[in-house]
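Below is one structure, written out as structure tokens, with a few remarks after it.
Chain letters run A, B, ... following the sequence lines, proteins first, then strands; residues in each count from 1.
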Amino acid sequence: MSFYAPFCLPFIIGAVVMFATILWKWGSWLYRLPHADKMRILRGLPTTRTLSAAWEVVRESLLHRRIFRVNPLLGYMHMSLAFGWFLLIAVGWIETVAYLGFRFVPLQGHVFFKYFATGLEHKPVFDFLMDLLLLFVLSGVALAWGKRLYSRAMGMRRTTKHVLGDRIALSALWFIFPARLVAESLTCALYGGGGFLTGSIGAWMAGHIDAGVLIYLESAAWWIYSSCLGLFFVALPFSRYMHIFTEIPLIFLRHYGLRSSEKESAYDHFQIEACSRCGICIDPCQLQSVLQINDVQSVYFLRDRRYHSLRLQTADNCLMCGRCAERCPVGIDLNTLRLNSRDTMRNVPDEKRYDYLQGVDRSSGTGKVGYFAGCMTLLTPRILLAMERIFKASGEEVWWADKEGGVCCGRPLMLSGETDSALKMIQYNTELFRKHGITTLVTSCPICLRVFREEYRLDGIEVLHHSEYLLRLMRSGRLNVTHGAERFTYHDPCELGRGSGIYDEPRAVIEAIGELLEPAETREHALCCGSSVANTAISDGQQLQLARSVAAELDATGASTIVTACPLCKKAIARGTQTEVRDLAEIVAEHLQ
Amino acid sequence: MPVHFGYTISKPRAIDIDHNNLRKSDEILREMPELQTCIGCGACTAVCTAGNLTQFNFRKVHTLVRRGEYQGAYEEMNKCMLCGKCRLVCPRGINTRGVVMLIKRKLGDF
Amino acid sequence: MTAMKRRSWSDYQKQIADDKYYYARSCIRQNFFPGSEKAFLDILHNDLGRDVLDDPLHSSCTGIGYHSDIVPLETIMTVVARQFALMTEAGYENFISSCITSFGVYTEVLATWNEFPETEERTREYLYKATGREFRKPTSLAHTSDIMFHFRDEIARKAKYRLVNAQTGEPLRVVEHIGCHYAKIFPKSGIGGSEFPYVLAGMIESWGGECVDYPERRHCCGFGFRNYLVQANRGYSIANSHKKLESMAPYKPDFIVANCPGCTMFLDKWQYAIAEMEGTTYGENGHGIPVLTYEEMAGLVLGYDPWELGMQMHQVDVEPLLDKMGISYDPAAKYLGRNGKYIDKPASAVVNCCPTDTVYDIRQ
Amino acid sequence: MKRVIIIGGGVAGMQTALRLAEEGVEPLIVEKEAELGGKLRGWHRLFPSFTPASEVLGELRSRVARRGIEVMTSTEVKAVEAGAVTLVDGRRIEGDAVTICSGFDLFDARIKEEYGYGIYDNVFTSVDIERMLNEGRVARADGSRPRRIAFLHCVGSRDEKVCQRHCSRVCCVTGVKQAMEMKELFPEADVFNFYMDIRMFGPGYEEMYREAQQRYNIHFVRGRISEAAPTIDGRVQIKAEDTLTGRPLRMSVDMLVLLVGMRAGETNPAYEAAGLGRLESGFMAPRDSFLGNVRSRTEGIFYAGTVTAPKNIGETINEGCAAADAVLEYLKKS
């Protein structure tokens with residue numbers, strides 16, 4: 001039995017191009033990985049991480065569990081296409097084995113088995129199974145068409161605007177399975193067999209169409225099917241469908257501990273090309289929903305970066321609130337990729353920069369607990385005064401790092417991509433903390449907190465956000481607050497919540513004082529105040545628009561006071577509402593017993 | 001061979017708009033038209049961390065840049081820590097951090 | 001448009017005496033342009049038949065010391081009082097001064113006495129104690145350029161040459177430069193006010209020339225006393241002349257005329273310094289722009305011999321100008337003293353400049 | 001019927017007359033020019049709404065005509081007293097009250113000689129610009145399009161040197177308005193406004209200023225031009241200090257526009273001779289700044305409009321009504 005017919009050619013060429021390209025891409029990325037990352041892979045391979053990664057591949061790449069969480073219909077659509085196709089291939093292979101036993105069958109033999117197997121005795125079980133799977137996939141295709149018409153049904157207000165290459169690949173993909181259905185049905189019409197789907201349609205065709213025409217049509221249908229496959233395969237490595245294969249190594253590498261950092265690395269390619277441009281990141285983006293900015297979201301950022309057409313304007317226009325990363329079904333570290341893009345585009349190392357910091361020390365007080373107010377807290381002195389009262393009430397001896405003004409923590413510089421310059425501040429502040437011998441560092445600014453925890457090397461110094469610190473004081477009985485009937489709502493600062501994973505402590509503190517009302521979108525899904533230092537592209541008026549929309553959601557809770565735990569959020573939200581906006585420390589200080 | 005008499009002809013201190021090349025300044029203002037709305041209140045400089053430690057004066061530097069005086073502007077702007085306090089106090093709502101980065105981007109070669 | 005100038009000029013008119021002047025010389029002009037003050041006296045005595053007393057008893061007004069913060073106000077007032085006393089003793093009451101800064105000093109002192117009569121009393125007391133002299137304030141105070149302006153039409157009538165290019169018949173383009181102390185301190189003290197004084201422009205127009213209105217017309221020459229006297233500050237001083245020369249150069253002026261000792265010297269000599277320091281030369285073929293005193297200008301118009309006027313003392317050669325005006329002169333006599341001996345010559349302002357074949361040098 | 005003599009037929013005079021006529025009093029407007037309208041006749045569009053001045057003027061004039069208010073044009077007043085005025089030709093007109101609405105005079109820019117108005121071809125005043133806008137053709141003296149225009153604020157305002165200590169108030173916003181008009185006519189031109197302070201006192205003025213900066217890209221330089229001089233190519237070289245950078249600044253411009261201020265009306269000394277108070281600025285002194293701001297020291301003589309201080313059109317119209325009310329109250333009592 002020969003497994004070759006001229007119509008197989010497009011498929012064969014497509015498959016060869018696709019596999020060659022993918023292998024070349026993966027190879028070069030792996031080759032260019034930093035040495036430390038290569039070692040991580042080698043060390044991780046023989047461990048259970050490999051198994052858990054494989055399990056995640058099944059869950060995410062085939063079943064698309066995370067998309068189900070976004071919207072069940074959307075999840076089913078992705079699952080039917082991915083898992084359905086996978087099963088078609090897998091069951092198809094088993095079918096071949098069942099028919100022919102274990103012998104070499106070329107790839108096209110598996111794929112076009114129906115065409116080549118006309119002379120063999122039928123196995124109705126497989127006919128039924130394969131038709132069922134085809135129906136499964138076709139239902140996904142139908143949903144995909146439907147999504148184009150009405151995406152809201154799948155929980156998406158907006159979908160991605162695709163580039164031409166993606167559209168070609170998408171069209172090819174849409175036609176693969178209908179073409180297969182028609183081709184297989186025509187073969188059934190001529191030679192009999194087939195399951196409930198192909199068999200029935202084939203029988204119907206045989207009854208209505210002249211046999212001569214059928215032969216002609218059959219040949220054409222298989223050509224079309226093969227061509228669609230070939231076209232899709234050629235387009236795949238260069239289009240968004242590269243994610244189908246890239247997500248798999250990404251999951252493994254992630255399990256081996258590889259991460260993106262503020263400097264670009266070869267690992268970033270796995271993340272970038274694992275993006276399916278599903279567009280789930282668009283809806284959560286407040287720049288889109290409030291400001292109608294439509295071309296900067298993570299999907300577009302990754303696309304532009306992948307095709308080397310990234311503009312600084314796009315890289316800069318992001319609040320880095322992390323709402324998109326929270327929803328990304330592939331789990332791409334979107335903020336870090338944006339950061340290292342900014343680093344590439346803007347970082348200019350300058351040894352002499354900030355030399356003027358030498359010898360600056362405006363700190364006061366002595367104590368093992370150091371308090372770092374941060375630049376923004378200096379513009380919200382109520383927080384500073386509240387902290388002063390709290391420290392006094394708890395009997396804590398405090399070293400005030402920057403009450404009279406200090407040096408910035410360095411996070412804003414990092415966020416803008418001037419990574420090397422930020423190290424100057426990091427170094428300066430680290431030395432300052434060390435010099436004064438503190439063991440605990442408290443800050444009321446989540447922006448500072450994040451960089452202290454992630455970039456500073458403060459071994460031996462415990463870094464706490466003041467929400468954590470306050471709760472600790474209250475739990476240990478050093479701070480007693482009165483509980484009243486006041487109704488608060490809480491705004492999660494991005495850097496504190498999604499950034500540092502601190503959600504419960506501020507809530508516990510508030511609940512000790514009064515009633516806490518949650519806004520519609522809260523915790524991991526909380527909105528950004530809009531004044532994020534990460535965004536240098538939007539205007540003051542746009543910041544205000546964002547603040548108003550956030551404040552509206554907080555006001556809708558009916559709380560009399562909006563509480564937050566970030567000086568910048570406090571200032572930003574206060575611009576958008578008449579309701580009082582206070583820092584956690586302020587309400588604690590006010591309710592001290 | 002120039003003769004040295006023990007002094008040199010002082011260079012004029014005046015900002016000469018005819019002589020200055022305003023192309024970069026125009027580009028900057030095109031990208032950030034709100035910079036023109038600066039009313040010179042100086043709140044940005046007053047609040048500035050770098051300005052309190054050095055001679056750095058954000059208001060003055062961007063005004064000079066607008067007049068086509070680019071010399072040294074990049075180095076001056078490099079003193080900025082980008083902490084963003086100035087943006088919070090600007091009564092005109094100017095995106096000051098954006099201005100710092102824009103000027104640095106445009107004047108990196110001066 | 002010139003109508004407006006006339007209007008502003010008519011707003012600032014001052015009384016100028018017709019005859020019987022008491023003449024106060026300048027300290028520095030006699031070194032820089034020794035022929036000019038003599039020319040003034042000659043023109044007034046011989047051509048115009050006026051009475052001018054050139055009193056050997058009078059002294060410096062100490063203006064240079066005053067403007068260099070060395071001489072205190074009381075001292076300069078007393079010195080000025082002594083000059084007035086000499087004038088009173090000689091029986092004159094029209095005081096004229098050859099130096100712009102002196103003129104500014106006399107104006108300032110008189111204005112001070114007017115505003116604060118007690119200072120006048122004190123000055124009278126100081127003068128009497130020191131010298132036993134007493135004085136009357138002059139009935140009119142004028143700068144010698146005011147006098148020349150006053151007689152401009154009379155001079156024009158007697159003119160042998162005019163400020164006109166003899167070959168083309170075109171009026172010469174003249175840059176006029178007024179010393180700062182002439183009217184910038186007291187606008188009323190100058191003819192035509194402080195912004196656009198008419199004193200030199202009037203002479204130029206009367207004698208056939210054309211004033212150049214260039215952007216830095218009102219700018220200081222840069223002398224500035226302290227700024228020049230301290231060597232370290234001289235770069236600032238020269239920068240001012242440099243700015244003026246740069247500004248006037250596109251207008252291709254035929255010559256500069258000034259009414260201040262310092263300005264005339266600096267606009268002339270700095271041209272040489274700039275050529276040496278920067279290699280920039282001005283004027284036709286880079287030969288420099290001749291700088292004249294108004295007495296020299298009047299002298300040329302009246303047909304005086306240029307070497308008699310002391311024009312060989314200029315850094316920038318004046319021969320191109322003389323040729324343009326069609327004035328005949330003896331090139332060989334340029335650097336000969338009264339006794340016929342060679343008196344040496346200043347360094348040529350024509351340095352770092354190409355066509356040396358056209359340089360006027362009698363030794364070649 | 002009571003008769004009120006109104007000196008001056010500008011905005012204030014017309015509005016006062018209209019209000020009086022509405023209340024059944026017979027006003028008589030004495031106007032020295034040949035037609036009603038005062039300075040408004042020379043204006044093109046009014047800040048901050050860019051309303052054509054002719055709209056306001058036309059409406060006021062037609063209302064005056066519809067009411068049949070008596071107007072004496074080309075008639076100049078020599079002296080004023082309570083209840084009568086004497087004309088230059090010696091005639092005496094009697095009435096029951098007098099309202100002085102004689103307005104202001106424009107500062108003569110030629111006095112600030114250093115700016116070269118009347119000396120250099122391309123130095124203009126704000127009034128010239130309004131005139132050119134009305135004529136429909138703004139251009140340099142040689143007819144060419146300007147590529148760089150400078151406006152100088154406070155010419156004849158807040159200047160001790162010309163004995164004009166007061167602020168003329170409206171020139172700031174006029175400067176902004178004209179700068180925007182220039183930018184609309186010559187989008188490729190650079191426009192610089194040199195100011196000492198920007199005083200945007202009225203509603204919508206600050207917004208207009210901001211728009212001029214952000215949308216029109218007009219450069220505002222804090223510093224007063226010290227002098228103007230001609231350049232060889234017929235432009236004007238100006239010098240100022242950019243005080244916000246502490247550096248001298250110079251440039252040549254194709255047009256220099258002087259925003260001339262308001263000076264006290266030249267007939268004000270004549271009113272003073274009649275025993276009415278005058279301020280140091282030369283404007284007439286109202287009885288007090290609050291409850292008596294449209295009354296003179298003399299019973300029966302009232303003020304409206306810029307005869308007492310620089311005002312904009314809206315304020316002047318309001319004051320016309322206020323003065324008329326004060327007159328009516330006075331007439332009721334007498």
Side-chain angles (χ1 to χ4, degrees), chain A residues 312-313 316-317 342 345-346 348 350 352-360 362 374-380 402 404-418 421-422 424-425 428 445 447-448 531-544 567-568 570-572 575, chain B residues 27-39 41 43-58 62 72-110:
Chain A
L312 194 54
Q313 184 64 18
D316 271 347
N317 203 351
R342 289 182 185 179
M345 296 169 105
R346 194 175 278 124
V348 183
D350 178 355
K352 291 231 160 51
R353 199 173 173 191
Y354 303 122
D355 272 357
Y356 63 81
L357 293 181
Q358 277 162 9
V360 175
R362 292 178 172 184
C375 299
M376 297 302 166
T377 307
L378 296 176
L379 284 174
T380 48
D402 58 348
E404 303 301 322
V407 170
C408 175
C409 63
R411 176 85 178 148
L413 271 172
M414 301 219 68
L415 288 172
S416 70
E418 301 199 53
S421 298
K424 297 261 183 179
M425 333 241 109
Y428 164 84
C445 178
I447 306 168
C448 305
S531 284
S532 162
V533 283
N535 190 314
T536 49
I538 59 171
S539 72
D540 187 63
Q542 291 172 312
Q543 287 189 335
L544 182 59
L568 189 52
K570 178 184 146 152
K571 266 195 118 62
R575 292 178 75 191
Chain B
E27 281 173 17
I28 288 166
L29 287 172
R30 239 198 321 277
E31 276 195 42
M32 193 78 84
E34 67 198 57
L35 186 54
Q36 279 285 40
T37 68
C38 172
I39 43 176
C41 72
C44 49
T45 304
V47 82
C48 179
T49 306
N52 281 307
L53 297 173
T54 69
Q55 293 287 308
F56 174 55
N57 183 325
F58 172 67
H62 82 63
Y74 180 87
E75 289 73 20
E76 276 302 303
M77 285 303 188
N78 241 353
K79 291 179 181 164
C80 166
M81 305 189 197
L82 284 178
C83 73
K85 279 197 281 182
C86 46
R87 188 170 187 184
L88 285 187
V89 298
C90 178
R92 290 295 223 183
I94 297 170
N95 178 358
T96 52
R97 299 174 74 239
V99 171
V100 171
M101 297 203 285
L102 176 62
I103 289 180
K104 277 169 57 173
R105 178 152 58 84
K106 291 283 181 189
L107 300 182
D109 50 352
F110 269 88

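Atom-to-atom distance recorded for B/Cys86:SG and A/Leu379:CG is 10.0 Å, nearest 0.5 angstrom. Between B/Arg87 atom CZ and A/Leu568 atom CG the span is 10.0 Å, to the nearest 0.5 Å. Remark: B/Arg97 CZ to A/Asp316 CG distance equals 9.5 Å, nearest 0.5 Å.
Contact record, A/Leu413 with B/Leu82: CD2-CD1, 3.6 Å, taken as the closest heavy-atom pair. Between A/Val533 and B/Cys83, the shortest heavy-atom distance links the atoms CG1-O, 4.1 Å.
Residue contact with chain B, scored on non-hydrogen atoms closer than 4.5 Å, involves the side chain of A/Val360 exclusively. Contact of A/Ile447 with chain B is not made at all, since no heavy-atom distance falls under 4.5 Å. For A/Gln313, no part sits under 4.5 Å from any heavy atom of chain B, backbone or side chain. Proximity to chain A (any heavy atom under 4.5 Å) is restricted, for B/Cys80, to the backbone atoms N, CA, C and O. Looking at A/Leu357, the atoms closer than 4.5 Å to chain B (heavy atoms on both sides) all sit in the side chain, from C-beta outward. Contacts between B/Met81 and chain A at a heavy-atom distance below 4.5 Å involve backbone atoms as well as side-chain atoms. Using a 4.5 Å cut-off between heavy atoms, B/Val89 touches chain A through its side chain atoms alone. Only the side chain of A/Arg346 comes within contact range of chain B, with at least one heavy atom under 4.5 Å from a heavy atom of that chain. For A/Ala537, the part sitting under 4.5 Å from any heavy atom of chain B is the backbone (N, CA, C, O) and nothing else. The part of B/Asn95 that comes within reach of chain A is its side chain, from C-beta onward, which places non-hydrogen atoms under 4.5 angstrom from that chain.
Annotation: side chain to side chain donor-acceptor pair (under 3.5 Å) contacts of B/Asn78 (sequence neighbours excluded): A/Asp350, A/Arg353, B/Lys104.
Between the side chain of A/Asp540 and the backbone N or O of B/Arg92 there is no donor-acceptor pair closer than 3.5 Å.
The residue among A/Met425, A/Gln543, A/Arg411 with the most heavy atom pairs within less than 4.5 Å of chain B is A/Gln543.
A/Arg362 places a side-chain heavy atom less than 4.5 Å from the side chain of B/Leu53. Residues A/Leu378 and B/Val47 are not in side-chain contact: their nearest non-hydrogen atoms beyond the backbone lie 4.5 Å or more apart.
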